[in-house]
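Since the structure comes first, as structure tokens, the remarks are kept for the end.
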4 protein chains.
Amino acid sequence: MEFNSDKAIYLQIADYICDQIQMKKWKSNEKIPSVRELAVILEVNPNTVMRAYDHLQQQEIIYTKRGMGYFVNEHSSAKILKERKDQFLKEELPAIFRRMQMLGINSNELLSQLDYFNKTNV
Amino acid sequence: MEFNSDKAIYLQIADYICDQIQMKKWKSNEKIPSVRELAVILEVNPNTVMRAYDHLQQQEIIYTKRGMGYFVNEHSSAKILKERKDQFLKEELPAIFRRMQMLGINSNELLSQLDYFNKTNV
Amino acid sequence: MEFNSDKAIYLQIADYICDQIQMKKWKSNEKIPSVRELAVILEVNPNTVMRAYDHLQQQEIIYTKRGMGYFVNEHSSAKILKERKDQFLKEELPAIFRRMQMLGINSNELLSQLDYFNKTNV
Amino acid sequence: MEFNSDKAIYLQIADYICDQIQMKKWKSNEKIPSVRELAVILEVNPNTVMRAYDHLQQQEIIYTKRGMGYFVNEHSSAKILKERKDQFLKEELPAIFRRMQMLGINSNELLSQLDYFNKTNV
DNA sequence: GTGGTCTAGACCACC
DNA sequence: GTGGTCTAGACCACA
């Protein structure tokens with residue numbers, strides 16, 4: 001996995017885990033990789049993975065059983081999808097639209113860009 | 001002015017200045033507010049404003065005359081517009097489109113959101 | 001049985017066993033459930049129950065006969081009661097009183113809470 | 001400061017900070033010691049202090065201004081007092097009362113212990 | 001084996 | 001100066 005340098009690694013790991021859960025690759029009440037395991041896979045310090053897990057536990061995405069590992073919470077998949085969609089519609093899109101206004105880009109241009117994107121990303 | 005905590009304040013100030021220039025509120029070869037003036041207005045440490053000015057000077061958006069202050073470069077407005085548009089089309093839009101794919105949002109939903117935005121931002 | 005996450009499970013199991021002995025549900029020289037039995041009942045790993053039994057054996061609350069199981073020691077009930085009372089008076093109560101001081105709770109409020117507790121726990 | 005070994009140091013530090021805030025030694029919107037400063041004072045690793053601050057920030061007890069330090073949130077003092085009192089009345093006291101029932105301690109004995117405590121802690 | 005805590009020391013961006 | 005992140009390595013209790 002490659003890490004982007006303008007976002008904390010532990011947050012990128014948390015995002016990666018959310019991706020897996022949202023796509024149901026890791027299901028409800030299923031054990032996720034141990035801290036050390038994932039640290040080896042991602043070539044990262046165990047503390048960094050730990051921090052990502054901690055972060056997700058506070059959001060109740062995952063939970064821990066002592067001595068046994070971390071597990072996916074019930075309904076986390078739907079919860080993640082919902083929160084991401086909310087954030088997208090309420091914050092990211094409006095920001096984009098404001099930007100379009102400022103730059104004088106209209107909806108036609110937007111659609112043609114979308115068409116182009118879809119063609120080149122089959 | 002409110003600052004977003006996930007972007008450096010001096011960069012947000014630089015953005016703000018670019019906004020003014022792009023919208024031609026501050027015109028070519030016109031003096032812009034002094035570091036101290038702007039610091040008072042934005043309720044920010046003068047060092048932070050200084051850093052924003054520095055940043056913009058390196059990009060040749062503004063220039064300084066010793067003892068007189070900072071001034072807007074010729075053609076800065078067009079330059080800013082062009083750079084912003086480029087970045088928007090090459091980076092921001094594709095990121096948004098990728099996001100839409102992942103969240104299962106199609107072009108119809110995008111358009112309806114845009115309609116809604118336009119109606120509520122007259 | 002529900003376990004509190006801020007105390008080791010094996011200690012909570014040991015407490016549970018002490019409860020039974022103190023209340024004389026499990027009497028002197030009587031056999032207590034086997035490790036496996038109790039593990040099934042409490043939905044816990046047998047190792048964890050084993051550890052609780054080990055702990056209690058060191059305190060001479062229970063003893064083992066090879067091949068036969070674990071048994072309650074003579075006088076364990078009284079011993080447990082005495083030790084618990086001691087700890088309660090010397091450590092738990094003073095801690096509570098210190099807490100009350102800090103929170104500005106006086107003896108009247110304490111008594112009214114006790115009244116309320118007694119009424120709702122008949 | 002002495003640390004108790006049966007609770008994480010960073011939580012004890014967080015408690016200590018809450019004490020200061022509750023007692024209004026550190027007031028609303030006032031700067032609290034920097035991570036490094038407190039680390040030196042408490043003879044602890046800066047990371048450990050950082051973790052305590054992080055913990056309190058998530059509970060909105062304190063907040064951070066980049067490059068400037070940590071500050072006490074508005075109303076944190078009252079909030080801490082309220083939460084501690086709630087926890088005391090709803091969890092700690094009932095546990096104590098249950099314990100009293102089990103140990104055969106009545107309200108008279110409780111009061112005499114409280115008297116004794118008050119005399120010896122003037 | 002698992003999580004959890006802690007230290008020591010480093011580097012970075014920001015104010 | 002400030003916070004924030006990351007690494008390396010250690011130790012502990014728990015299952």
Side-chain angles (χ1 to χ4, degrees), chain A residues 3 5-14 31-39 42-55 57 62-71, chain B residues 3 5-14 39 42-52 54-55, chain C residues 3 5-13 35 39 42-52 54-55, chain D residues 3 5-14 31-39 42-55 57 62-71:
Chain A
F3 294 108
S5 70
D6 55 72
K7 193 173 177 183
I9 292 180
Y10 82 93
L11 289 177
Q12 295 181 55
I13 294 175
K31 185 178 179 298
I32 68 177
S34 81
V35 171
R36 288 161 171 86
E37 237 178 304
L38 197 56
L42 300 180
E43 294 176 298
V44 147
N45 189 291
N47 283 330
T48 307
V49 175
M50 184 61 154
R51 202 164 170 190
Y53 281 16
D54 223 66
H55 187 73
Q57 193 185 7
I62 59 178
Y63 62 92
T64 175
K65 287 192 208 167
R66 282 178 304 182
M68 304 193 63
Y70 278 93
F71 298 79
Chain B
F3 296 106
S5 68
D6 52 74
K7 194 172 176 182
I9 292 178
Y10 83 93
L11 288 177
Q12 295 181 56
I13 294 175
L42 301 179
E43 293 175 302
V44 145
N45 190 304
N47 285 328
T48 309
V49 175
M50 188 57 185
R51 199 161 171 188
D54 234 60
H55 185 72
Chain C
F3 295 106
S5 69
D6 53 71
K7 193 173 177 183
I9 293 179
Y10 83 94
L11 288 176
Q12 295 183 56
I13 293 175
V35 170
L42 301 179
E43 293 174 303
V44 145
N45 188 303
N47 285 330
T48 308
V49 175
M50 187 58 185
R51 199 158 171 190
D54 233 59
H55 186 71
Chain D
F3 294 108
S5 69
D6 56 73
K7 194 172 177 182
I9 292 179
Y10 82 94
L11 289 177
Q12 295 181 56
I13 295 175
K31 186 178 176 301
I32 67 176
S34 80
V35 171
R36 289 162 170 85
E37 239 179 303
L38 196 56
L42 301 179
E43 294 175 299
V44 144
N45 188 290
N47 282 329
T48 306
V49 175
M50 184 59 154
R51 201 164 171 189
Y53 281 17
D54 221 68
H55 187 72
Q57 193 184 10
I62 59 178
Y63 62 92
T64 174
K65 286 192 208 168
R66 282 175 306 177
M68 305 194 60
Y70 279 92
F71 297 79

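Only this structure's heavy atoms are used, side chains among them; waters, hydrogens and symmetry mates stay out. Chain letters run A, B, ... following the sequence lines, proteins first, then strands; residues in each count from 1.
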Could you check how far [atom1] of [X] sits from [atom2] of [N], rounded to whole Å?
| X | N | atom1 | atom2 | answer |
| --- | --- | --- | --- | --- |
| Phe3(B) | dC15(E) | CZ | C1' | 12 Å |
| Met50(D) | dC6(F) | CE | C1' | 12 Å |
| Ile32(D) | dG3(F) | CD1 | P | 8 Å |
| Leu38(A) | dC6(F) | CG | P | 14 Å |
| Arg51(A) | dA8(F) | CZ | C1' | 16 Å |
| Asp6(D) | dC11(F) | CG | P | 21 Å |
| Lys31(A) | dA15(F) | NZ | P | 15 Å |
| Ile13(A) | dT5(F) | CD1 | P | 13 Å |

Item to check | Presence of donor-acceptor pair under 3.5 Å, side chain of Asn47(D) and base of dG9(E) | outcome: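 Checked by distance alone, the answer is yes.
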Checklist entry - Looking only at N and O atoms, is any donor in the side chain of Arg36(A) or the base of dG3(E) less than 3.5 Å from an acceptor on the other one? => result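 Per atom types, the contact qualifies.
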Side-chain N,O ([X]) to OP1/OP2 ([N]) below 4.0 Å:
| X | N | result |
| --- | --- | --- |
| Thr48(A) | dT7(F) | yes |
| Thr64(A) | dG3(E) | no |
| Arg66(D) | dG3(F) | no |

Checklist entry - Could you state the interatomic distance from CZ (Phe3(B)) to CZ (Arg66(D)), rounded to the nearest 0.5 Å? => result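 Here the rounded value is 9.5 Å.
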Checklist entry - How far does NZ of Lys31(D) sit from CD1 of Ile62(D), to the nearest 0.5 angstrom? => result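 The distance works out to 11.0 Å.
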Distance-only check: which donor-acceptor pairs under 3.5 Å involve side-chain atoms of residues 5-13 of chain D, not counting sequence neighbours?
from, atom 1, to, atom 2, distance (Å)
Lys7(D), NZ, Asp15(D), OD2, 2.8
Gln12(D), OE1, Asn4(D), N, 2.8
Gln12(D), NE2, Asn4(D), O, 2.5
Gln12(D), NE2, Lys7(D), O, 2.6

Checklist entry - Across the strands shown, which category fits Tyr53(A) at heavy-atom distances under 4.0 angstrom: base, sugar-phosphate, nothing? => result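 Nothing: the residue Tyr53(A), judged by heavy atoms under 4.0 Å, touches no strand.
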Checklist entry - For DNA chain F, whose closest nucleotide is more 5', that of Met68(A) or that of Tyr10(A)? => result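 Its nucleotide being nearer the 5' end, the pick is Tyr10(A).
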Item to check | 5' priority, DNA chain E, between Val44(D) and Glu37(A) [closest heavy atom] | outcome: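 Going by which nucleotide is closer to the 5' end, it is Glu37(A).
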Item to check | Note, Asp54(B) side chain near Met50(B) side chain (heavy atom, < 4.5 Å) | outcome: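 A side-chain contact exists here, since the closest heavy-atom pair is under 4.5 Å.
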Next on the checklist: Side chains of Pro33(A) and Tyr53(A), heavy atoms from C-beta outward: is any pair under 4.5 Å?
Outcome noted: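 A side-chain contact under 4.5 Å exists here.
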Next on the checklist: Looking only at the side chain of Asn45(D) (C-beta and beyond, no hydrogens), which of the listed nucleotides dA15(F), dT7(F), dA8(E) gets closest?
Outcome noted: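 Nearest listed nucleotide: dA8(E).
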Next on the checklist: From C-beta outward on Ser34(D), which listed nucleotide comes closest to its side chain: dC6(E), dT2(F), dA15(F)?
Outcome noted: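 The answer is dT2(F).
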Checklist entry - Which one is paired to dC14(E), where only Watson-Crick or G-U wobble pairs with both distances under 3.5 angstrom count? => result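 Looking at the geometry, dC14(E) pairs with dG1(F).
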